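The block underneath contains the structure these notes are about, expressed in structure tokens.
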Amino acid sequence: MITSGKRHSDAPAIELRGASKVFRTPSGGLHTAVRDLDLTVEQGEFVAVVGPTGCGKSTTLTLVSGLEEPTEGEVLVGGVPVEGIGPEVGFVFQQDAVFPWRTVLSNVMAGPRFRGVPTAQAKERAREWLARVGLASFEDRYPHQLSGGMRKRVALAQTFVNDPSILLMDEPFSALDVQTRALMSDELLELWGGTGSSVVFVTHDLEEAIALADKVVVMTAGPATVKQTFPIDLPRPRKVESVRLEPRFVEIYREIWSSLGEEVRITRERGAASAA
């Protein structure tokens, strides 16, 4: 939950100030996942986070969500320190977080019901969001009866039905094929555009990051800290496949890759050295 302090309407949606996270390893050692991390997400801003594999991108999301506490530093939402999981946060994971024994409608209703929304109202809201993600005629199906893209639409409906002001997404489309991934990216932009939510989107796909975001944050090789932040000056609304063909997109890609590629190289060299 957020602390009892009142959120400040003029404060950034998310702030990490000198945040570090150290984990105890199974062997009893210490592993620093993120170190001295400073990151700001403004109200209604879509921020994509990229970095080498294993550098600490997902840990950053768990700190913002309240699933983990920082070892050092501060994490604030709306200017107020985070203390546990807050109701204003929605989290879309890489793996579908659906109940396999529930129907699509029941899965989307679950969040509002857990928050005390009456059944009839929860059902109405769930059906509204299923219609918005194109699954109105599939409400009585079970997850195993759906394609990967359809299950991801269920996941989006599950998240947006709770009206989150903070949306955290951890490589949500990575398991999808290329065509479905592009369609889901367009769908995400359309759904997000009407909510005013602030988004932190972790991805390994730099093209995906540029196509979606207002700014792209490059993380260093682990332990992660922010290396560089790049504003994305491509106009909205965007269609992912078409925006990738624009000359400005290619320019931005080259600029960011010059920074990101160095960190990827460092990570690979470390891996090769440890294997030697």
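Just so it is clear, the model here is predicted, and its values are computed rather than measured. In this chain, residues are counted from 1 in sequence order.
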Can any side-chain N or O of [X] pair as donor or acceptor with the backbone N or O of [Y] at less than 3.5 Å?
X	Y	value
Lys21	Glu69	yes
Ser259	Glu255	no
Glu263	Pro52	no
Thr203	Asp205	yes
Thr71	Val22	yes
Arg17	Gly73	no
Asp38	Gly18	yes
Ser197	Pro164	yes
Thr225	Arg35	yes
Asn107	Val98	no

[X] side chain near [Y] side chain, heavy-atom distance below 4.5 Å:
X	Y	result
Val64	Leu168	yes
Asp36	Ser20	yes
Ile14	Leu39	no
Phe91	Leu67	yes
Arg244	Val240	yes
Asp214	Arg236	yes
Glu45	Ser198	no
Val202	Met169	no

Task: Selection residues 182-191 - residue pairs positive for side-chain hydrogen bond (donor to acceptor under 3.5 Å, both in side chains), sequence neighbours left out - done: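 Output for this query lists Arg153-Glu187.
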- [ ] Can you establish whether the number of heavy atoms outside Lys123 located under 6.0 Å from its atom NZ is more than 12?
- [x] no
TODO: Count the heavy atoms belonging to other residues, nucleotides or ligands that lie under 6.0 Å from CD of Gln121, then report whether that count exceeds 12.
DONE: yes
Test question: given the 4.5 Å side-chain rule for I, L, V, M, F, W and Y, name all other residues clustered with [X], or answer none.
X	answer
Val250	none
Phe230	Val50, Leu206, Ile210, Val216, Val218, Ile232, Leu234, Val243, Phe249, Ile252, Tyr253, Ile256, Trp257, Leu260, Val264
Phe23	none

Open item on the list: Between Val217 and Val200, is there shared hydrophobic-cluster membership here, with clusters defined by ILVMFWY side-chain heavy atoms closer than 4.5 Å?
Closed with: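 In one cluster with Val217: Val200, yes.
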- [ ] Verify the distance criterion only: is there a donor paired with an acceptor across the side chains of Gln94 and Ser174 at less than 3.5 Å?
- [x] yes
TODO: Ignoring hydrogens and angles, state whether a donor on the side chain of Arg141 or Thr103 is under 3.5 Å from an acceptor on the partner side chain.
DONE: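 No pair is found: no donor N or O on one side chain lies under 3.5 Å from an acceptor on the other.
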Set of residues satisfying salt bridge (Lys or Arg N to Asp or Glu O under 4.0 Å) with respect to [X], sequence neighbours excluded:
X	result
Asp170	none
Glu42	none
Arg238	none

Task: Listed partners of Tyr142 passing ring-ring contact (aromatic ring centres under 6.0 Å, His included), at least two apart - done: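 Here no residue qualifies.
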Open item on the list: Just to verify, what does Phe114 make a ring-ring contact (aromatic ring centres under 6.0 Å, His included) with, not counting sequence neighbours?
Closed with: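 Residues passing ring-ring contact (aromatic ring centres under 6.0 Å, His included) with Phe114: none at all.
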Calculate, to the nearest 0.5 Å, the distance between atoms [atom1] and [atom2] belonging to [X] and [Y] respectively.
X	Y	atom1	atom2	answer
Phe201	Phe173	CZ	CZ	5.0 Å
Ile266	Thr220	CD1	OG1	8.0 Å
Leu176	Arg151	CG	CZ	9.0 Å
Met184	Leu189	CE	CG	11.0 Å
Asp177	Ser147	CG	OG	9.0 Å
Lys57	Glu171	NZ	CD	6.0 Å

Task: Residues Glu15, Val75; criterion side-chain contact (heavy atoms from CB on, under 4.5 Å); working and verdict - done: CA-CA 6 Å; Glu15 285 182 278; Val75 181; over 6 Å; no
Considering non-hydrogen atoms only, spot the tightest contact between [X] and [Y] and give its length.
X	Y	value
Cys55	Ala224	O-CB, 2.9 Å
Lys239	Ser242	O-OG, 3.0 Å
Pro143	Pro100	CD-O, 3.8 Å
Asn162	Gln158	ND2-O, 3.1 Å

- [ ] For the pair Arg248 and Glu246, find out whether any cationic side-chain nitrogen is under 4.0 Å from an anionic carboxylate oxygen.
- [x]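 So Arg248 does not pair with Glu246 through a salt bridge.
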Task: salt_bridge(Glu251, Arg254) N-O dist < 4.0 Å - done: no
Open item on the list: Does Asp140 form a side-chain contact (heavy atoms from CB on, under 4.5 Å) with Val104? I'd like the steps, not just the answer.
Closed with: CA-CA 6 Å; Asp140 61 345; Val104 167; over 6 Å; no
TODO: Just grab all the ring-ring contact (aromatic ring centres under 6.0 Å, His included) pairs involving residues 60-81, residues at least two apart or on different chains.
DONE: none
TODO: Please list all pairs passing the ring-ring contact (aromatic ring centres under 6.0 Å, His included) test where one or both residues lie in residues 67-87, with sequence neighbours left out.
DONE: none
Cut-off 3.5 Å, no hydrogens considered: what does the side-chain donor-acceptor table look like for residues 129-139, sequence neighbours left out?
unit_1, atom_1, unit_2, atom_2, d
Glu139, OE1, Arg127, NE, 3.0
Glu139, OE2, Arg127, NE, 3.4
Glu139, OE2, Arg127, NH2, 2.9

